[in-house]
Amino acid sequence: MSTTYVLDTATSRAHPTPAPMKRLNIPGIRQRKVDGVTTHPVVMLTAYTARQAQLLDEHCDLLLVGDSLGQVIYGLPSSVPVTLDMMCAHGAAVVRGSYHAAVVVDMPFGTYEGSPEQAFASASRVLKETGCAAVKLEGGAAMAETVAFLTARGIPVMGHVGLTPQAVNVLGGYNARGRSAAEAEKIVGDASAIAEAGAFAIVVEGVVEPLAVAITQAVPCPTIGIGASAQCDGQVLVTDDMLGMFERTPRFVKIYENLAETISAAAAAYAAEVRARTFPGVEQTYQPK
Ligand code: KIV
């Protein structure tokens, strides 16, 4: 599996292939934080398709093929039904569409929690089939042994603590975590356990700001926040959220562009022209030479 940008521009709608360059790597991302200080914040966005990856790649340090693709791409009610097949297919597309950012692929629910051996079988399949650089898995102290097992066997792991969407049925919803002292203490312990086990970075999702600060100070690796204030060592957003693709977005999302309106207006214009028989026009019509 190639990890360079290999879209055939003769047959695809891609932009011309940029000169391949050395991708950012996982040790380089880990080393962004030295003695508790991160001078260059880590920039991560989700990507699910080759074309999306092409557009985001040069701006990001990491592209995350998140299991949020369950809701965003497949219209599922949560990330729980997402499969390894889905993650492998989208992960490979994102690797094909990028050449600069390191690509991280989410391990879907049910493919890693059973044992370190189950996690290794799933994660090695993801690395082999996609060409990605690392996997991400959710959970704290209970997953520390698995993080150590994978890391010791050549699979870099990004952790994910705080609001862990795969555990929605245990958590009872997607509310911010860490409002009580006991819960905050547990989440700091979770982050410390997986950092100690070898996680190269940790996503901190949906926590109150003082907890984001406490986690970021407690762990030696970079924290990447989503709904976790500006105090983390980096940030991630679901790209489709920040592009305004949905009617409802969480409070922590900043909408940088309203693509839903743009797409709807374009579709309306197309439909009107088809109905008026003004599309296709002369420019879009083949004539005999
Ligand atoms: O699945 C996902 O997109 C994620 C991010 C929200 C961090 O895990």
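We count ligands from 1, going down the list as the structure has it; atoms in each ligand are counted the same way.
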**Q** Quick one: pull up OG in Ser180 and CD in Glu185 and give me the separation to the nearest 0.5 Å.
**A** 9.5 Å
**Q** Using a 4.0 Å cut-off to any heavy atom of Asp106, which atoms of ligand 1 qualify?
**A** 1 (O), 2 (C), 8 (O)
**Q** Please list, in number order, the atoms of ligand 1 under 4.0 Å from a heavy atom of His160.
**A** 8 (O)
**Q** Quick one: which of Gln54, Glu58, Arg23 gives a side chain to side chain donor-acceptor pair (under 3.5 Å) with Ser98?
**A** Arg23
**Q** I'd like to check which ligand 1 atoms, numbered from 1 as shown, lie under 4.0 Å from a non-hydrogen atom of Thr46.
**A** 3 (O)
**Q** What atoms of ligand 1 come closer than 4.0 angstrom to any heavy atom of Lys136?
**A** 4 (C), 8 (O)
**Q** Who's the nearest protein heavy-atom neighbour of atom 4 (C) of ligand 1, and how far?
**A** Leu64 CD2, 3.7 Å
**Q** Considering only non-hydrogen protein atoms, determine which one is nearest to atom 3 (O) of ligand 1 and report residue, atom name and distance to 0.1 Å.
**A** Ser68 OG, 2.5 Å
**Q** Please check if any side-chain donor atom of Thr239 sits under 3.5 Å from a side-chain acceptor atom of Tyr48, or the reverse.
**A** no
**Q** Which atoms from ligand 1 have a heavy atom of Gly66 less than 4.0 Å away?
**A** 1 (O), 2 (C), 3 (O)
**Q** Hey, which atoms in ligand 1 end up nearer than 4.0 Å to a heavy atom of Ile226?
**A** 6 (C)
**Q** Would Arg153 count as a cation-pi partner of Phe149, with NZ or CZ less than 6.0 Å from the six-membered ring centre and within 45° of the ring normal?
**A** yes
**Q** Output, in order, the C-alpha distance, side-chain angles, deciding distance and verdict of side-chain contact (heavy atoms from CB on, under 4.5 Å) for Lys136 and Val203.
**A** CA-CA 9 Å; Lys136 175 166 83 60; Val203 167; 3.8 Å; yes
**Q** Please give me the minimum heavy-atom distance between Tyr74 and His90, naming the atom from each residue.
**A** OH-NE2, 2.8 Å
